[in-house]
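Take a look at the structure set out below.
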Amino acid sequence: MPILFQNDFQHAFPRVNELQVSKTAKFLLALAGRSDAELSVLLVDDQHIAELNKTWRRKSGPTNVLSFSLTEGEDLTRAGNLLGDIVISVDTAAREARKERISVHQRLNVLLVHGLLHLLGYDHEKSDSEAERMFRKERELLLELKRKRREEMIRLAVNVDHVATLREARGISEPDPVLAAGICELAGAEGIVVHLREDRRHIQDRDVLILRQTVKTKLNLEMGANQEIIKFALKVKPDMVTLVPEKRQELTTEGGLNVAGQKKKLKNVISQMNDNGIPVSLFIDPDSRQIEASHNIGATFVEIHTGRYCDATSEEETEQEFELIVAAAEDAYEAGLRVNAGHGLNYVNTTRVASLDTIEELSIGHAVMARAIFVGLDQAVREMLGLMM
Ligand code: PXP
């Protein structure tokens, strides 16, 4: 057990993915060639770290990270394999993350690396050359972490509904969402999403039937839980379905499903789909009640609704909504659900969501199609993928 992880940060926000932090610490130990060693990682708040800072460094106020080496000093035998403790203030990490416009977990990674290097004997306060040596090593480890993340990179699924919206505006056969799906896949998208609405305002039955034959990655059929569409889905057998609430008058899907309020009905749809080998995702708001209900009725995935984060009009609101997504994705992940996210994501707000290791896939439609009008669909998809790295 090389990582002794303890989370003493008791505040509701920001939520920390404990699994992710201890997995990262373990990976860093291996990178540093110290898989044999043990490391204690403690997450605290500003008040707690300020007390430690005062006691051990005679400095007032909070700091971001403190390292306490057990391999320094005389009593090395007591340390055994334990390198020492890294104490991180989540409050300070969150403030620094906001300033740098990165996620709290990205900032926690930087602080973990910094704290670990201190335990391994690096010390930027010793001399300029030591500082240079430490910062070089820091950059090297962070690059390795990034490389690892890229290997486990979050996938992009492109929603091609709006190609059909344009076609239907003319009532002719162009542009064809089937062709668009192929271009998206060639550009690197790993899934195609279509919403077959009850009113057939954009995607038609014909589109789904042909896409079933042509999509080489994964066809995700978004749909309301109504009998006619359920029957159609069972006939077509997409790779997965995403159940969404559907109102006739809405311009686009307006909110998440109230899973908790219709468990029996949704459970029935899920088991019908599962019996036919089709996994089900439930599109829900970032709300723990909906996550629990989704888990209880046997959903395979949840798709976290990112709309409120994307539509937020102040920095404060953006931060609050983002933290709700972080917490919901972690709750769902820890409950054993697979986690996707989407709605309203664009070329400005996607990177932060894509940085969450709990999320497997983003479903993005409108922003990609809007950009494609000006730069072409291939480039619009590639640019979005670039932002997700
Ligand atoms: N996910 C779901 C469940 C949706 O209903 C939509 C919109 O069709 C999206 C993702 C994509 O949203 P956007 O078009 O805003 O990217």
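Counting convention: from 1, in listed order, for ligands and their atoms alike.
- Looking at F283 next to ligand 1, no N or O pair under 3.5 Å apart turns up.
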Side-chain donor-acceptor distances from residues 368-389 under 3.5 Å, at least two apart:
from: R371; atom 1: NE; to: E383; atom 2: OE1; distance (Å): 2.5
from: R371; atom 1: NH2; to: E383; atom 2: OE1; distance (Å): 3.0
from: D378; atom 1: OD1; to: R382; atom 2: NE; distance (Å): 3.2
from: D378; atom 1: OD1; to: R382; atom 2: NH2; distance (Å): 3.2
from: D378; atom 1: OD2; to: R382; atom 2: NE; distance (Å): 2.9
from: Q379; atom 1: NE2; to: E383; atom 2: OE2; distance (Å): 2.6

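- Scanning all protein heavy atoms for the shortest distance to atom 12 (O) of ligand 1 gives H343 CA, 3.4 Å.
- The nearest non-hydrogen atom to atom 14 (O) of ligand 1, considering only H162, E246, H366, R197, comes from H366.
- Contact between K263 and A293 at its shortest, heavy atoms only, is CE-CB, 4.0 Å.
- Given atom 16 (O) of ligand 1, the protein heavy atom at minimum distance is G365 N, 2.8 Å.
- Shortest contact from atom 8 (O) of ligand 1 to any protein heavy atom: N159 ND2, 3.4 Å.
- Those atoms of ligand 1 that come under 4.0 Å of a heavy atom in V244, given as number and element, are 3 (C).
- In E222, the part holding a heavy atom less than 4.0 Å from any atom of ligand 1 is the side chain.
- Under the side chain to side chain donor-acceptor pair (under 3.5 Å) criterion, the residue pairs touching residues 271-291 are N258-Q290, with sequence neighbours excluded.
- Residues T63 and N53 have side chains that never bring a donor and an acceptor to within less than 3.5 angstrom of each other.
- Of the protein's non-hydrogen atoms, the one nearest atom 15 (O) of ligand 1 is G344 N, 2.8 Å.
- Residue contact check: E303 has heavy atoms under 4.0 Å from atoms 1 (N), 2 (C), 3 (C), 10 (C) of ligand 1.
- Taking each heavy atom of V353 and I154 in turn, the nearest pair found is O-CD1, 4.4 Å.
- For the residue pair E185 and T217, a side-chain donor N or O sits within less than 3.5 Å of a side-chain acceptor on the partner.
- Relative orientation of the H114 and F135 rings is parallel, given thresholds of 30° and 60° on the angle between their planes.
- In terms of protein heavy-atom proximity, atom 11 (C) of ligand 1 is closest to S363 O, 3.8 Å.
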